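Contents: one structure, followed by commentary.
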Amino acid sequence: MTITSPQLGSSDAWTDARLLYALEEVVEKELNRHLKVAKDWMPHEYVPFSDGRNFPGIFDDGQAWEPEQSKVTDIGKIALVVNLLTEDNLPSYHHEIASLFGRDGAWGTWVHRWTAEEGRHGIVMRDYLLTSRAVDPDKLEAFRMQHMSEGFESDNRHSMLHSVAYVAFQELATRVSHRNTGHQSGDPVCDRMLARIATDENLHMVFYRNLLGAAFEIAPDLTMQSVRDVVVNFRMPGHGMPGFERAAAQMAIGEIYNMRIHHDDVLQPVLRYLKVLEIDGLGPEGLKAQEELGLYMNGLDSEASKFDEKLAARKARMAARAAS
């Protein structure tokens, strides 16, 4: 695909304000498309409330939580807590994107709609976890308080284009994490709930991916640099939560989210759909960013292959132990 720079001239002329204005019609178009295909759903319909019991507290019949009360697998519990704590920071996420994208016009309508849809995810996941007694409720609340009290600051708040690029990948990453958690949870109810959440996340990814494609049309060099920066420095939004590094390592081994999944199921689909590495007509800075992005993806693929080999060897050792 060949892209030519707009009449506005040098990349330096593209301020965030001008980009927001230039992309307003695209946002309105994508918002209308989203509202036509998105389906409202009721969080309470996905929660097995009849399985619930009182916890100790104001109720005389309260029953203390015990690990064996849950049918969810160990890796499912770890991933569910990470996923929920990520969703819990929605107030901070809303503040970040509302401050950057604005609260007026199509941008503002999208910001509020996105926030409303994302709010369902935390509601249904917490209700499920408490009702099914999947995790220690006291620890879960302590983690929530610590995580939210520390706040959240986006790595990409300095740039509107960096933020759009980030969420295009991050929404897909969240979808993949939720979907794989459901598959590994050991509970069909949990799997259905997370599949419903993943559907929302996929629609959010499509919105931002299409917006990113439009940004390539009007500011190709700046957009390419933004994509390069975001891909090379990508971090999940929950990276600051308590115990994240250990949980992320366990989720990688459990094949919920790891380098291979990140490369194959998150980065590559967006880059391939937008044909980012095939764009022609870039200026020197855009071409440099494109080349660096390609080199990074090749390196990540190699690192992912090494991880795959280690994971396969680990599985073989575990199988041998189980058979002995």
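Since we're looking at a predicted model, the values are computed, not measured.
- In this structure, Trp110 and His204 have perpendicular ring planes: the angle between them is above 60°, well past the 30° mark.
- Here the SG-CE distance, from Cys190 to Met125, works out to 7.5 Å after rounding to the nearest 0.5 Å.
- To the nearest 0.5 angstrom, Thr86 atom OG1 is 6.5 Å from Met236 atom CE.
- Looking only at side-chain heavy atoms (C-beta outward), Glu201 and Glu118 come within less than 4.5 Å of each other.
- Without hydrogens or angle criteria, Asp221 side chain to Gly283 main chain gives a donor-acceptor distance under 3.5 Å.
- Taken together through direct or relayed side-chain contacts under 4.5 Å among Ile, Leu, Val, Met, Phe, Trp and Tyr, Leu35 and Val27 form part of one hydrophobic cluster.
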Going through the distances and angles, do Arg144 and Asp88 end up as a salt bridge (Lys or Arg N to Asp or Glu O under 4.0 Å)? CA-CA 7 Å; Arg144 187 192 71 84; Asp88 275 336; 5.1 Å; no
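- The backbone N or O of Val276 sits less than 3.5 Å from a side-chain atom of Gln290, completing a donor-acceptor pair.
- Residues Phe207 and Trp114 place their aromatic rings such that the two centres sit no closer than 6.0 Å.
- Val72 is not listed as a side-chain neighbour of Leu129, based on a closest heavy-atom distance of 4.5 Å or more.
- The shortest side-chain heavy-atom distance between Asp200 and His121 falls under the 4.5 Å cut-off.
- With hydrogens and angles left out, the side-chain atoms of Ser132 and Asp187 include no donor and acceptor closer than 3.5 Å.
- Taking NZ of Lys315 as the reference point, atom CD of Glu255 lies at 3.5 Å (rounded to 0.5 Å).
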Determine whether Glu96 and Ser92 satisfy the following criterion, side chain to side chain donor-acceptor pair (under 3.5 Å), listing intermediate values before the conclusion. CA-CA 6 Å; Glu96 292 282 321; Ser92 289; over 6 Å; no
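- For the pair Arg235 and Tyr166, the cation-pi criterion (under 6.0 Å, within 45° of the ring axis) is not fulfilled.
- Heavy atoms only, all atoms of each residue included: Ser159 and Leu100 are closest at O-CD2, 3.9 Å.
- The environment of Arg53 atom CZ is dense: over 12 non-hydrogen atoms of other residues, nucleotides or ligands sit within 6.0 angstrom.
- Counting only heavy atoms from C-beta outward, the side chains of Thr174 and Glu87 approach each other to under 4.5 Å.
- Side chains of Val47 and His44 form no contact here, defined as non-hydrogen atoms less than 4.5 Å apart.
- Here the side chain of Glu24 pairs no donor or acceptor atom with the backbone of Gly105 at under 3.5 angstrom.
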I'd like to know whether Ser185 forms a side-chain contact (heavy atoms from CB on, under 4.5 Å) with Lys71, so could you lay out the CA-CA distance, the side-chain angles of the two residues, the decisive distance to 0.1 Å, and finally the verdict. CA-CA 8 Å; Ser185 69; Lys71 64 184 73 173; over 6 Å; no
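- In terms of modelled atom types and a separation under 3.5 Å, the side chain of Glu292 and the main chain of Arg228 share no donor-acceptor contact.
- No donor-acceptor distance shorter than 3.5 angstrom exists from the side chain of Tyr273 to the backbone of Asn210, with no hydrogens or angles considered.
- Within the 4.5 Å cutoff, the side chain of Asn180 has no heavy atoms near those of the Tyr257 side chain.
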Would you sort out whether Asp40 and Arg113 count as a salt bridge (Lys or Arg N to Asp or Glu O under 4.0 Å), showing the intermediate values? CA-CA 12 Å; Asp40 280 337; Arg113 173 71 189 198; 3.4 Å; yes
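- In this structure, Trp107 and Ile97 have side chains that are not in contact, with every pair of non-hydrogen atoms separated by 4.5 Å or more.
- In plain terms, the two heavy atoms of Glu117 and His34 that are nearest each other are OE2-NE2, 2.9 Å.
- A donor-acceptor distance shorter than 3.5 angstrom exists from the side chain of Asn32 to the backbone of Glu28, with no hydrogens or angles considered.
- Within the 4.5 Å cutoff, side-chain heavy atoms of Gln225 are placed close to those of Leu222.
- By the 6.0 Å contact criterion, CD on Gln69 is enclosed, its count of non-hydrogen atoms from other residues, nucleotides or ligands being greater than 12.
- At most 12 heavy atoms of other shown residues, nucleotides or ligands fall within 6.0 angstrom of atom NE2 in His95.
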Do Glu285 and Lys288 pass the salt bridge (Lys or Arg N to Asp or Glu O under 4.0 Å) test, and can you show the C-alpha distance, the side-chain angles, and the key distance before you say yes or no? CA-CA 5 Å; Glu285 290 301 315; Lys288 177 185 176 184; 5.0 Å; no
